[in-house]
Number of protein chains: 2
Amino acid sequence: MSEFSLIQKYFTRTTPGAVLGVGDDAALVRVGSGMELAISTDMLVNGTHFFPDADPFMLGHKALAVNISDMAAMGAQPRWATLAIALPAEDEAWLARFSAGFFALADDFKVELIGGDTTQGPLNLSVTILGEVPQGQALRRDGAQMGDEIWVSGKLGDAALALAHMQGRLKLDEAGFAATAAALHRPLPRVALGIALRGIAHSAIDISDGLLADLGHILERSGMAAELQFDKLPMSIYLRSYFEQSTGFEQSTALEQSTARQCVLAGGDDYELCFTAPVERHAQLEKISAQLELPLSCIGQIVAGSGCRVYAADGREITTKETGYDHFA
Amino acid sequence: MSEFSLIQKYFTRTTPGAVLGVGDDAALVRVGSGMELAISTDMLVNGTHFFPDADPFMLGHKALAVNISDMAAMGAQPRWATLAIALPAEDEAWLARFSAGFFALADDFKVELIGGDTTQGPLNLSVTILGEVPQGQALRRDGAQMGDEIWVSGKLGDAALALAHMQGRLKLDEAGFAATAAALHRPLPRVALGIALRGIAHSAIDISDGLLADLGHILERSGMAAELQFDKLPMSIYLRSYFEQSTGFEQSTALEQSTARQCVLAGGDDYELCFTAPVERHAQLEKISAQLELPLSCIGQIVAGSGCRVYAADGREITTKETGYDHFA
């Protein structure tokens with residue numbers, strides 16, 4: 001089957017939200033009046049971002065999800081996407097499952113695939129996403145202000161915990177792995193939250209590389225520092241069990257505790273939002289949390305200086321060695 | 001050097017035409033009032049689209065050029081681009097030359113790099129380009145009408161001829177290879193022509209896969225057929241020498257002639273524009289050709305039916321076997 005036929009069969013859907021979709025030299029769209037266009041590109045590579053035997057349905061989901069997450073982090077409404085894909089060989093079963101995963105998520109978020117490219121080569125997925133945000137209202141990394149509270153959505157570290165299990169660095173039971181693997185394979189971008197944060201958050205980012213790394217980008221671009229309370233970080237029961245030894249779970253070793261701590265602080269692939277907002281927005285953010293049925297946790301605050309310090313419940317500072325993240329690495 | 005530092009060093013320039021460039025979760029741009037946004041994505045893969053030892057400066061040029069060419073084919077003004085790049089290993093010398101080639105062309109066409117991704121993996125270059133075109137004025141593939149004249153810009157087949165030489169399928173002399181290799185490695189997108197064709201051409205496409213394949217897309221989407229005159233096809237002196245045996249060039253063999261014919265009709269990578277326009281625009285198109293100092297050749301016409309027939313000067317139809325292009329392959 002030719003490239004043209006493959007695109008026709010697996011990647012061509014109606015695109016009522018575009019002037020012109022797949023099939024010409026370029027797609028055409030109209031951006032709403034008073035809107036800015038947000039654009040982001042991510043590339044996922046076999047062996048670097050996923051295992052060679054990864055389920056193609058899950059890959060289709062994830063390739064789009066990580067891009068939609070960038071729209072969420074900007075407070076933008078995702079609208080359109082292009083997909084460039086290199087495949088080692090024509091594999092219709094693979095393409096059928098991949099496109100099913102891609103379009104399942106695209107449909108959930110009303111994102112239209114308007115163009116792209118398919119070619120022969122080592123497996124590589126490159127998605128560009130386009131979204132709309134009212135002029136001047138985008139959530140940026142450079143707006144954090146002194147005294148801002150630091151918030152994160154959802155729970156942290158489950159994706160990294162599942163990965164640690166798959167890599168044999170610790171062992172989860174069946175239920176624990178099933179629950180955390182969903183975070184790794186099927187991240188859900190926080191688009192509704194990003195849009196709700198317009199006019200409220202001073203800065204935002206999505207957590208793709210780990211809390212400390214991504215919060216670090218906000219701090220660097222805003223010229224600020226942060227103090228975090230480790231016991232305020234939102235964790236699943238699977239992660240929390242490594243730190244609360246009285247819950248009936250098996251006692252964990254020091255090495256397991258250390259791995260778990262690094263999952264929470266430095267583990268990537270969560271795709272939750274980290275954002276900062278002034279203290280007077282605290283109650284409003286709790287209301288948004290209730291409306292969206294999405295936990296929002298206030299985990300620390302923005303202070304003067306540079307870098308990020310993490311404190312244990314007893315006030316002791318957790319060292320760089322313990323966090324697993326070195327800003328200067 | 002971290003991914004962040006590499007992007008900072010090689011891919012971050014000021015972007016006065018964007019609200020926000022490289023360095024946040026997404027870039028932000030404002031599309032002009034009354035404008036549609038044209039979007040296209042192309043992926044170039046090592047071994048499929050270029051040789052493993054390809055000059056990185058040339059690759060930087062080409063990765064962007066093929067995308068700008070899609071804007072030209074739409075009659076759009078290219079404005080912004082994102083670049084996703086997978087590299088087997090960090091190679092600063094390679095990145096320095098690649099980005100130099102990319103930005104040299106970007107500067108020529110005033111295209112701003114506003115975002116992207118760098119990651120580890122088999123060499124892969126994915127560019128998404130964004131351009132502006134006044135609403136309703138884009139040149140599409142589906143607008144060819146009965147009686148339209150068919151035109152192409154520049155010369156056809158030189159890129160394929162250089163490739164045939166590199167693959168040992170025929171032999172060029174030094175001057176011939178130097179001249180035709182430039183067409184292969186440094187294609188120049190026809191942006192000014194695309195913009196001049198707004199309101200004049202009924203349909204347009206850029207020639208990336210070969211004249212017959214790309215004109216075929218116009219015919220298919222327009223529900224039309226075409227008749228081409230082989231001796232009207234614009235060729236360099238290097239290509240023409242295979243068909244004119246009296247010019248002092250060495251006599252070419254039948255096999256060489258056949259290869260040369262296929263370069264003109266079915267050779268890719270020229271990135272000239274093929275377009276159709278009504279007969280009454282003929283004189284206007286000759287004026288545009290003079291203004292742009294770019295040859296425009298009228299090579300045939302749109303007729304009823306389907307498919308494309310090519311005629312020799314003596315009126316004989318050139319067979320599919322001779323053209324090297326089978327529509328149903």
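Residue numbers start from 1 in every chain, and the chains themselves are labelled A, B, ... in the order their sequence lines are given, proteins ahead of strands.
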Within residues 65-76 of chain A or reaching into it, pairs that qualify as side-chain hydrogen bond (donor to acceptor under 3.5 Å, both in side chains) - sequence neighbours excluded = A/Ser40-A/Asp70, A/Ser69-A/Asp206
ask   = In Å, rounded to the nearest 0.5 Å, how long is the span from CD1 of B/Ile39 to CG of A/Leu28?
value = 7.5 Å
task = Could you please state which residues from residues 188-201 of chain A sit under 4.5 angstrom from chain B, measuring non-hydrogen atom to non-hydrogen atom, sorted by number, or 'none'?
result = none
key: Atom group of B/Leu130 that falls short of 4.5 Å from chain A, counting heavy atoms   = side chain
note = Rounded to the nearest 0.5 Å, the CG atom of B/Asp117 sits from the CG atom of A/Asp42 at a distance of 5.0 Å
key: A/Val22 portion near chain B, given a 4.5 angstrom heavy-atom threshold   = backbone
note = Answer key: most heavy-atom pairs under 4.5 Å with chain B among A/Ala27, A/Pro122, A/Gly121, A/Gly131 is A/Ala27
remark   = Comparing B/Met71, B/Met35, B/Gln120 against chain A, the one with the most heavy-atom pairs below 4.5 Å turns out to be B/Gln120
key: A/Ile85 portion near chain B, given a 4.5 angstrom heavy-atom threshold   = backbone
note = Closest non-hydrogen contact found for A/Gly23 with B/Arg141 is O-NH1, 3.2 Å
B/Asp24 to A/Leu139 - nearest heavy-atom pair and separation = OD1-O, 4.3 Å
remark   = A/Leu20 and B/Arg140 have their tightest heavy-atom pair at CD1-NH2, 3.3 Å
message = If you count heavy-atom pairs within less than 4.5 Å of chain A, which of B/Thr82, B/Asn124, B/Thr48 leads?
response = B/Asn124
remark   = chain A shares the most heavy-atom pairs under 4.5 Å, among B/Ser33, B/Ala73, B/Ala18, B/Gly47, with B/Ala73
key: Contacting moiety of A/Ile218, where chain B heavy atoms sit under 4.5 Å   = neither
Validation row: A/Thr119, B/His49 side chains within 4.5 angstrom (heavy atoms) = yes
ask   = Of all heavy-atom pairs between A/Met43 and B/Ser126, which one has the smallest distance, and what is that distance?
value = CE-CB, 3.8 Å
query = Where does A/Ala204 contact chain B at under 4.5 Å (heavy atoms): side chain, backbone, both or neither?
reply = backbone
key: A/Val31, part contacting chain B, at a heavy-atom distance under 4.5 Å   = side chain
Chain B contact via A/Leu123 - which portion, at a heavy-atom distance below 4.5 Å = neither
